[in-house]
Amino acid sequence: MASSPRHFSAPLRALLLSPSLRKPPRIPLRTSLFSQPLMHKALAFSTQIRGVSGSRRVSWKTEASMSEAATEKGKRGAEVFDSEEDLSVSLAKYTADIADKFSKEKRSFTVVLSGGSLIKSLRKLAEPPYIDSVDWSSWHIFWADERVVPKDHDDSNYKLAFDGFLSKIPILPGNVYSINDALPAEGAADDYETCLKHLVTSGVISVSAATGLPKFDLMLLGMGPDGNVASLFPGHPLVKEKEKWVTFIKDSPKPPPERITFTFPVINASSHIALVVCGAGKAGPVHAAFQNSRNSSTVPVQMVAPEGELVWFLDKDAASKL
Ligand SMILES: O=C(O)[C@H](O)[C@@H](O)[C@H](O)[C@H](O)COP(=O)(O)O
C-alpha cells in the first residue's frame, strides 16, 4: 500500500519540497527510485513510499553529489518510521543483509555496536528468521565506545549488549572483542587499538585503501540528544583526534565519565554506517545533520561521513524537525 506525498507530515513534506534540496545538501537527496512527477520536477529526486505493517516508511536512496568534498563520500539514505517497532524490523533486515553480503564475500563480518538504546533496536535480529538464517560464525563484534567499568557493571556497554543481544545469538565468544576492563582508561584505549591492529594484520578487519585505517563492514551508531556519537561529545577536543584509532575520555558529559571511544577517522573509514535515532529529544541534532552548513556549532553527528554508505534509521519523532 503506497501513500502519497500529501500524507507526509508538514516538516517532512517541507524537507522533500524545500528549494535548498536543489543545491547539493549536506546529505544530498537524489534517488533512483520511481519518481513522483511533481517531486521529481521540484526536487530532482523521487521517493519510495512503502506501507510497512500499517506504518508509513519513507525511504530514499541517494548518491553523494561528490560536490562537497568535506562531507560527501559514499551513498546517503534516510528511512523514517512511524514507530520504533517498525524501525527495529527494518534495522534487523538491513543488518542481516549486509552481514550476508560480507560473510559470502570474505567469510567474516565485522560489526561495531554502540551502547544506549541501539541494542534494544537490534532485538529482531535475535528472532526468526534471522536467528536461523544468519551465518553467526562469521560475525566479529566490536564496540564504538565503552565505559571504563567492569564488564559486569550496569554501566557496561558489553553487559548491555550481552544481556540484550549477544546472549541470544550463537556468536563465537572468541569473536567478541570487549575492552580489558582491568586497565585504566588510557591503557584500555591503547590495548583496544593494539587488538584492532592485530586483527587488521590477520585480515579479520579490512583496511581502507584510501586511509590505511581499519574499515569495519558495519557500524551501528546511536546519537545522543546533544548530537554525540560513540563517546565523541560536542566541543570536546577528542572530536578533532586524527591520529589515534581509539582514544579515551575522563570527563564525559554523559555518565559515567571514563570511556574509550573510536575516533572519527576510524568511524568514517566504515563501509556502512547505520545511524539509529529515536525520540523527539533528538530532533534538533538530526535537523542539524541534514543542513548544508558546517560552522562552529557543528555537532559530532554532523561529522559522520563514511567512505561507504550512511543510512539514517529515524522514528517520526526524531525526524519531526526535518
Ligand atoms: O556509551 C554510550 O553512551 C553510547 O555508545 C552512546 O554513543 C550512545 O549511543 C548515544 O549517546 C545515544 O544513547 P541513547 O541511544 O541511549 O540515547
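Note that this is a predicted model, so its numbers are computed, not measured. Read the numbers this way: they start at 1 and go in the same order the structure lists the ligands and their atoms.
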Taking the side chain from [X] and the backbone from [Y], do they hold a donor-acceptor pair closer than 3.5 Å?
| X | Y | answer |
| --- | --- | --- |
| Ser90 | Leu87 | no |
| Glu146 | Tyr158 | yes |
| Ser320 | Ala280 | no |

(message) Can you confirm whether Ser178 sits close enough to Lys151 that some side-chain heavy atom of one is under 4.5 Å from a side-chain heavy atom of the other?
(response)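 Result yes, sub-4.5 Å side-chain heavy-atom pair found.
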
(request) For residues Tyr177 and His198, establish whether the separation of their ring centroids is below 6.0 Å. (result)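 Centroid separation for Tyr177 and His198: 6.0 Å or greater.
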
(message) Hydrogens and angles aside, do Ser271 and Asp217 bring a side-chain donor and acceptor to less than 3.5 Å of each other?
(response)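 The answer is no; no qualifying pair exists.
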
(request) Output the set of protein residues with a heavy-atom contact under 4.0 Å to ligand 1, ordered first by chain identifier and then by residue number. (result)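 Lining ligand 1 at under 4.0 Å, by heavy atoms, one finds Ser114, Gly115, Gly116, Ser117, Asp145, Arg147, Asn157, Gly222, Met223, Gly224, Asn228, Ala230, Lys254, Arg259, Lys282.
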
